[in-house]
Amino acid sequence: MVHSFRLRWLVVGALFAAMGAAADPRATPPADGPARTIEFRDGRWFDGEGFRAGTWYSVDGALTRTRPARVDRVVDLDGGYATPPLAEGHNHDLQNAWGARRFRERYVEGGVQYAAMLCGDPGGTAEAKQALGADAPLDVLYASACISSSDGHPLAMARRDPDGSLRPVEDVHDHDYLVMDSRDDIERKWPRVRAARPDLIKAVLVHSERPERRGDARYFGMNGLRPELLAPLVERAHADGLRVVAHVESAADFRVAVEAGVDMIGHLPGYQIWEGRGEADYRLDDASIALAARRGTALIATAGAAQLVAGDDAGKLERVRALQRDNLRRLLAAGVPLALGSDRFDATVRAEIEYLSALKLMPPARLWRAAVEYTPSLLFPQRRIGRIAEGFEANFIVLDADPLRAPQALDRIRLKVRRGALY
Ligand SMILES: [Zn+2]
């Protein structure tokens, strides 16, 4: 997101006032005991296509269908719909202590067990981890090395204090994000990248095909890396075993990012149409889509962020939705892997599920797999998560209703389980 940071915070404030007023009336779930083996009986379990009745066991936090010799505890799911939990592939709400304290519960209550915070700094990340707590039923990746140009996003956003005053640019540079304007900067500042111990690297492109933006004061602090820097940056990161997520705005940014070999693309271009630009600036070309498919470049679409940018302007949103449909249809047909993230402070990834569901571009089971199977495995490729399958971590949530019929089934989460423990 570039434009609507301030607006988002206002929305957050309003929502929070409303949420605080309505305490959760549900009964407390059973406390977690020392049980090593648990039988979860009479559930309907997501198998990638639909929900299938059966019983699964958790043994030392891993799923199995084989009944262990001793069952310490039986949990009756009473026909509930058990699915792997949600993953938030793109947000910023847990990337400092303030956010971690305020938004932690929304993840926990909403059945989101995995997340990626996509532009932080090392200090904020350390404080966020502490605020989140080591025992949070939530695994978070931090892009604690966030790289952009000296006149780039997120400068404009980061320097604005709550009272409207502006922090000096020098206070933000190489603090809130790392500045790289030349190839030399990549080598010179790489020790800082390493020192940040990032789980991911974030690299920012914003209409990189329009160098004339750089001389225009209106765009100061909203630009991004020069396009020719991305490939060497990705190469440097990969040499260190680090993955790169690119923030992109335009179709040209998308092409630059895919050709540079980034691992993930943080937005579907066109969630906002910048002033003076039109659909053609955001319509992805087929060759770039084909290359992304071949390389397996993941797309974290954040399509629903368009709702925040459009605000009350229904015409503007419909224009963006038409553009998104066209791009997404071709991306999905080509087999570009779709991951889910909301990039919203006023919502969880659930808003993105609902937004994509309403676009009706894919069967519900495919969307659900993207949400609960692909996104977690993209974030944590070493772990056996995202499926109800033999040997996978016993992480799941149980819903009253079938979420493939309507994602609003997420309104009623009966039970949440993490490595076999109920919470
Ligand atoms: Zn973002």
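Every value quoted in this text rests on a predicted model; they were computed, and no experiment measured them. In listed order, ligands and their atoms are each counted from 1. The figures here come from the full heavy-atom set of this structure, side chains too, leaving out hydrogens, waters and symmetry mates.
In the model, Glu209 has a side-chain atom that pairs as donor or acceptor with a side-chain atom of His207 under 3.5 Å. With hydrogens and angles left out, the side-chain atoms of Asp343 and Tyr271 include no donor and acceptor closer than 3.5 Å.
If you put the vertex on the Zn ion (ligand 1), NE2 of His90 and NE2 of His92 sit 100° apart, to the nearest 10°.
Taking the side chain to side chain contact (heavy atoms under 4.5 Å, CB included) definition, one finds that Asp181 meets it with Ser149, Ser150, Val179, Asp185, Arg226, sequence neighbours left out. Partners of Tyr142 according to the ring-ring contact (aromatic ring centres under 6.0 Å, His included) rule, which considers only residues two or more places apart in sequence or in another chain, do not exist here.
Among the atoms of His247, no N, O or S atom is found under 2.8 Å from the Zn ion (ligand 1). The nearest N, O or S atom of Cys119 is not closer to the Zn ion (ligand 1) than 2.8 Å.
Within Asp343, OD1 is the N, O or S atom that lies nearest to the Zn ion (ligand 1).
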